[in-house]
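Heads up, the thing below is written out as structure tokens.
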Amino acid sequence: MKLKLLLFALLLHNISQAQEIKRLIFGVNVGVKFANKNYAVRYTGFYQNQLKNFFNIQNNYQTVRTLLGNKDFVFDSYSDLYRFQPAPVYGINFGFQASENLSFETDLNFSNIKMLGGYTLAVTDPGNFTSQAIYANGNISGQESRFNGRINMNYRTDGDKIKGVFGLSGLLNSWRMEENIVELNGSILTSLYSQFNPSNGFTTRVQGSGLGYGINLGIEVPFKKGIVMQIVYQPYVTRMDYFNTKQMIDDLGDNYQQPDIRIEHDLIARFVWR
């Protein structure tokens, strides 16, 4: 309660100065996104048994058998080591400087993140005279584009050179699948995603959005005349459904379970014209 009263008092104090400041601000953002691993499972082939179904098609089975040196096989397991790689973030920042310390800003950021994962096949080798099982490991990767819209209320501390930046954010996140490739022994076996698939969005989920909230923690230093640089750490939580289409959600009705809330992180360098 004391913290809420303090924030409210700071807000009133800075709004009272708004008549004297009233200026627009604009900036550009560059940084790194650390996407949550749990969202990467969408690209492992686990969704709707896509990878297992691929291996169960006779023509595909023969292609894979040839790559394995004419050895039979069965699908064994998905790798637990799937993950999103840290990805570059770029975008713009604009807003309203309400007072010397308080600003209301919008971030519009974009990124393209890559998923890396794998799978294992159990291989039958007639020439294997030991009790040791034989396995072949394949790779699976994905590409996903992200948009992050963030509404910020930021407070800058006083200081001649270095200022602290503290803020609260509301977010709209959206994602879209761009690629999902399965490989074995250096050869591409198949793509589990095609932008031309007419079932996209109806029987399979390939894009979506979600709401979230977060905080902004950073510093601000002079860069050039009229320009400051901010280094801001932006952890946030969001909820996005990667698996159920709108039709699936409607069919489930009251039995639909919302996805878990996940935490993600952005580290942003922002150049702001004030």
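All values below were derived from every heavy atom in this structure, side-chain atoms included, with hydrogens, water molecules and symmetry-related copies excluded. Since the model is a prediction, treat every value here as computed from it, not as a measurement.
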Ala98 versus Phe104, closest heavy-atom pair with distance: CB-CE1, 3.9 Å
State whether a side-chain donor-acceptor pair under 3.5 Å links Asn148 with Asp107. no
Closest heavy-atom pair, Ala136 versus Leu68, reported as atoms and distance to 0.1 Å, is CB-CD2, 3.7 Å
Roughly how far apart are Gln85 CD and Met115 CE, rounded to 0.5 Å? 10.5 Å
Would Tyr39 end up clustered with Phe110 when hydrophobic side chains under 4.5 Å apart are linked, directly or stepwise? no
For Asn197 and Ser199, indicate whether the former's side chain and the latter's backbone hold a donor-acceptor pair under 3.5 Å. yes
Quick one: does any side-chain atom of Thr66 pair with a main-chain N or O of Gln62 as donor and acceptor, under 3.5 Å? yes
Within 45° of the axis and under 6.0 Å from the centre of the six-membered ring of Phe84, does NZ or CZ of Lys114 qualify? no
When rounded to the nearest 0.5 angstrom, what distance separates CZ in Phe94 from OG in Ser103? 13.0 Å
Asp250: side-chain hydrogen bond (donor to acceptor under 3.5 Å, both in side chains) partners, not counting sequence neighbours: Lys246
Answer whether the closest heavy-atom distance between the side chains of Asn38 and Asp260 falls below 4.5 Å. no
For a 4.5 angstrom cut-off between non-hydrogen side-chain atoms, does Met240 reach Trp175? yes
Where Tyr233 and Pro235 come nearest, the two heavy atoms and their spacing: O-CD, 3.5 Å
side-chain contact (heavy atoms from CB on, under 4.5 Å) partners for Phe166, two or more places apart: Thr157, Leu217
Please determine if Glu220 and Arg156 form a salt bridge, counting it only when a charged side-chain N lies under 4.0 Å from a carboxylate O. yes
Compare every heavy atom of Pro86 with every heavy atom of Val32, then report the nearest pair and how far apart it is. CG1-CB, 3.8 Å
With ring-ring contact (aromatic ring centres under 6.0 Å, His included) as the criterion, how do Phe55 and Tyr119 come out once you've worked through the C-alpha distance, each side chain's angles and the decisive distance to 0.1 Å? CA-CA 12 Å; Phe55 290 122; Tyr119 61 92; 5.7 Å; yes
Within one Ile-Leu-Val-Met-Phe-Trp-Tyr cluster: Leu184 and Phe54, side-chain cutoff 4.5 Å: yes
With sequence neighbours excluded, give me every ring-ring contact (aromatic ring centres under 6.0 Å, His included) pair touching residues 182-211. none
Are a donor atom and an acceptor atom from the side chains of Asn112 and Ser145 found within less than 3.5 Å of each other? no
Any chance you could lay out the side-chain contact (heavy atoms from CB on, under 4.5 Å) test for His265 and Gln234, step after step, and finish with the verdict? CA-CA 6 Å; His265 312 266; Gln234 297 179 312; over 6 Å; no
On a heavy-atom basis, the closest approach of Ala269 and Ile231 is CB-CD1, 3.8 Å
With a 3.5 Å cut-off and no angle check, do the side chains of Asn29 and Asn93 form a donor-acceptor pair? no
Could you list the residues that satisfy side-chain hydrogen bond (donor to acceptor under 3.5 Å, both in side chains) with Arg83, not counting sequence neighbours? none
Check whether Leu108 and Tyr236 end up in the same hydrophobic cluster, where Ile, Leu, Val, Met, Phe, Trp and Tyr are linked by side-chain heavy atoms less than 4.5 Å apart. no
Answer with yes or no whether the side chains of Thr245 and Gln247 bring together a donor and an acceptor at under 3.5 Å. no
Val221: side-chain contact (heavy atoms from CB on, under 4.5 Å) partners, not counting sequence neighbours: Ile162, Met229
Cluster partners of Ile263, using ILVMFWY side-chain heavy atoms under 4.5 angstrom, listed by chain and number? Tyr213, Val237, Ile261
May I ask you to decide if Glu144's main-chain N or O and Arg176's side chain share a donor-acceptor pair within less than 3.5 Å? no
One should read off an interatomic distance between Tyr82 OH and Ser141 OG, to the nearest 0.5 angstrom, of 16.0 Å
Non-neighbouring partners of Arg205 that pass side-chain hydrogen bond (donor to acceptor under 3.5 Å, both in side chains), sequence neighbours left out: none
Assign the ring pair Trp273 / Phe26 to parallel, tilted or perpendicular, where the plane angle (0 to 90°) is split at 30° and 60°. tilted
Under 4.5 Å between side-chain heavy atoms, chaining through other members, with only Ile, Leu, Val, Met, Phe, Trp and Tyr counted: pull out the rest of the cluster around Ile25, sorted by chain and number. Val228, Val272
Please work out whether the ring planes of Tyr43 and Tyr242 are parallel, tilted or perpendicular, with thresholds of 30° and 60°. perpendicular
Exam field: side chain Gln48 to backbone Thr203, donor-acceptor pair closer than 3.5 Å: yes
Apart from Val232 itself, members of its ILVMFWY cluster (side-chain separation under 4.5 Å) are none
Shared-cluster residues of Leu116, by chain and number - hydrophobic side chains joined below 4.5 Å: none
Taking Ser111's backbone N and O only, do any of them form a donor-acceptor pair with Tyr90's side chain (distance below 3.5 Å, no angle check)? no
Do any N or O atoms from the side chain of Asn101 and from the backbone of Tyr155 form a donor-acceptor pair under 3.5 angstrom? no
Any side-chain heavy-atom pair from Leu121 and Val74 closer than 4.5 angstrom? no
Nearest 0.5 angstrom please: Ser79 OG to Ile140 CD1, how far? 10.5 Å
Any donor-acceptor pair under 3.5 Å linking the side-chain atoms of Asn244 with those of Asp241? yes
Using modelled atom types only, decide if a donor and an acceptor are shared between the side chain of Asp266 and the backbone of Ile268 within a distance under 3.5 Å. no
Hphob cluster co-occupancy, Leu189 + Phe46, side-chain heavy atoms under 4.5 angstrom: yes
How long is the gap from CG on Leu168 to CG on Asn216, to the nearest 0.5 Å? 7.5 Å
Assess the residue pair Tyr47 and Phe243 against the criterion (ring-ring contact (aromatic ring centres under 6.0 Å, His included)); give the C-alpha distance rounded to whole Å, side-chain angles, the decisive distance to 0.1 Å, and a yes or no. CA-CA 7 Å; Tyr47 179 61; Phe243 302 102; 5.8 Å; yes
Could you tell me which non-hydrogen atom of Ser187 sits nearest to which non-hydrogen atom of Leu67, and how far apart they are? OG-CD2, 3.9 Å
So, Ser169 side chain and Arg150 main chain: donor-acceptor pair closer than 3.5 Å or not? no
Under the 3.5 angstrom rule, does the side chain of Asn49 hit a backbone N or O of Lys52 as a donor-acceptor pair? no
Quick one about Asn36 and Glu264 (side-chain donor to acceptor, distance below 3.5 Å, no hydrogens or angles considered), yes or no? no
Taking side chain as C-beta onward, heavy atoms only, is Val182 less than 4.5 Å from Leu51? yes
Residues forming a side-chain contact (heavy atoms from CB on, under 4.5 Å) with Asp72, sequence neighbours excluded: Tyr61, Arg65, Thr124
Examine Ile113 and Leu192 and state if one hydrophobic cluster contains both, with Ile, Leu, Val, Met, Phe, Trp and Tyr joined whenever side-chain heavy atoms are less than 4.5 Å apart. yes
Who passes side-chain contact (heavy atoms from CB on, under 4.5 Å) against Gln258, sequence neighbours left out? Arg239, Tyr256
If only atom types and distance count, is the side chain of Thr44 paired as donor or acceptor with the main-chain N or O of Ala40 below 3.5 Å? no
So CD1 of Ile92 and CG of Asn109: to nearest 0.5 Å the spacing works out to 9.0 Å
